[in-house]
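A short write-up of the structure that comes next.
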Amino acid sequence: MLLEKPVPGLKERLAARIASEGPLTVEAYMQACLSDDAHGVYAAQQPIGAAGHFITAPEISQIFGELIGLWAVSVWQRMGEPRPLTVIELGPGRGTLLADAIRAWRVMPRFLEAVWVALVETSPRLTAIQRETLDDVPVPLQWHANLEDVPKGPAVLIANEFIDALPIRQFVRRGDAWRERLVASGDAGGFVIAEGALSEGVEGLLAAHTDRVPEGAIVECRPAMKHLLHAMATRSNEAPLAALIVDYGHDASGFGDTLQAVRQHKYADPLAEPGSADLTAHVDFAELKRLATELGLKTYGPMPQGAFLLRLGLEIRRDRLLAAARPEHREAIASGAARLMDPEQMGVLFKVVAFASPELAPPPPFADPDFPLSSPPSTPSPL
Ligand code: SAH
């Protein structure tokens, strides 16, 4: 019998890589921790939910996916109801948001006939879970590894907690010059942060920050976000596109180290035990908007998640669910809804921005201050 050789742990392999190639950029380290085939948090594990490392809005309350589903319908109507319409979700996790959105679409048969869904996902493990969750939905589904691979055409794009998982690079100001923060092997074993020379082409990008931040300040950038926005702008040049980005982060570009690790719902050291904790970094919404505008997209927001959901009709939907629920489910419905909008919880740290092709009307609820959805779904659904 042939026994497969066990794959060494990620920590050992990263240490060997550093010994042969030298220290890694924070980007390469984050990429490996999240996407390593054998041990990456997304690629090889199931990180979302009570049994995983972190919980996300669609896993907290079905209302989140339902309201975003209705948002997509409303945007489609404002586009002039093109057929077919692609709803693209970037990083669909366990497929929960889509399952809730598609259930909400049942109130609009015209939309159900027009729509197909593209799931952009790189993790084989999560793809398998998405297939299971969405096994019996009444719309065609396709999986793709990149946004660029999704067939052209009018589209509504959704990304919840996707950008925070895209790897970042970190730079530190030393006098008038900049150094890149790197992950190196420490003398006592394990990994430590070191500083190295800038690679070619980065210096120009950092020059603008030199007068803005003090000595020793850390500035982050996210190459994959730029790449993503290019792909969105290209789509938008070819056919109408509206996109909804929900994530956590800051309104204004700041400085400081925002790389964070969460292991089984608790903050952890990002350098300890790579592959055993989720790694994310704050989204710089100002930069996101600036880049999108530069690429010709119209941008709306950021609006705090709580305000966004309230204006989409969260309380109406919650009350309908409560009225139809069994007594033992009521507490979970009420507390889930509160958690999404409470300023102390996800209501303010999480923010929503929308992008749209310039010829499209502003998407709700950014332009119309009293936009409540006139017909939230009325079919009660099991939790
Ligand atoms: N949107 C989901 C999951 C968020 S976790 C939710 O709200 O529950 C991030 C998701 O993005 C995971 O599904 C992960 O596998 C996927 N992902 C991370 N990096 C990716 C990339 N570069 N391309 C495609 N999917 C990616």
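Atoms within each ligand, like the ligands themselves, are counted from 1 in listed order.
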Tell me, please, whether Trp76 has Arg110 positioned over its six-membered ring: NZ or CZ under 6.0 Å from the ring centre and within 45 degrees of its axis? no
Look only at the side chain of [X] and the backbone of [Y], and say whether a donor-acceptor pair between them is shorter than 3.5 Å.
X: Trp105; Y: Val73; answer: no
X: Arg212; Y: Gly254; answer: yes
X: Glu215; Y: Gly175; answer: yes

Check: every ligand 1 N/O to protein N/O pair under 3.5 Å:
unit_1: ligand 1; atom_1: 1 (N); unit_2: Gly91; atom_2: O; d: 2.7
unit_1: ligand 1; atom_1: 1 (N); unit_2: Asn160; atom_2: O; d: 2.8
unit_1: ligand 1; atom_1: 7 (O); unit_2: Thr56; atom_2: OG1; d: 3.4
unit_1: ligand 1; atom_1: 7 (O); unit_2: Asn160; atom_2: ND2; d: 2.7
unit_1: ligand 1; atom_1: 8 (O); unit_2: Thr56; atom_2: OG1; d: 2.6
unit_1: ligand 1; atom_1: 13 (O); unit_2: Gly93; atom_2: N; d: 3.1
unit_1: ligand 1; atom_1: 13 (O); unit_2: Glu121; atom_2: OE1; d: 2.6
unit_1: ligand 1; atom_1: 15 (O); unit_2: Glu121; atom_2: OE2; d: 2.5
unit_1: ligand 1; atom_1: 25 (N); unit_2: Thr122; atom_2: OG1; d: 3.4

Any chance CD of Glu132 has more than 12 other-residue heavy atoms, nucleotides or ligands included, within less than 6.0 Å? no
How are the rings of Phe350 and Tyr248 set to each other: parallel, tilted or perpendicular (split at 30° and 60°)? tilted
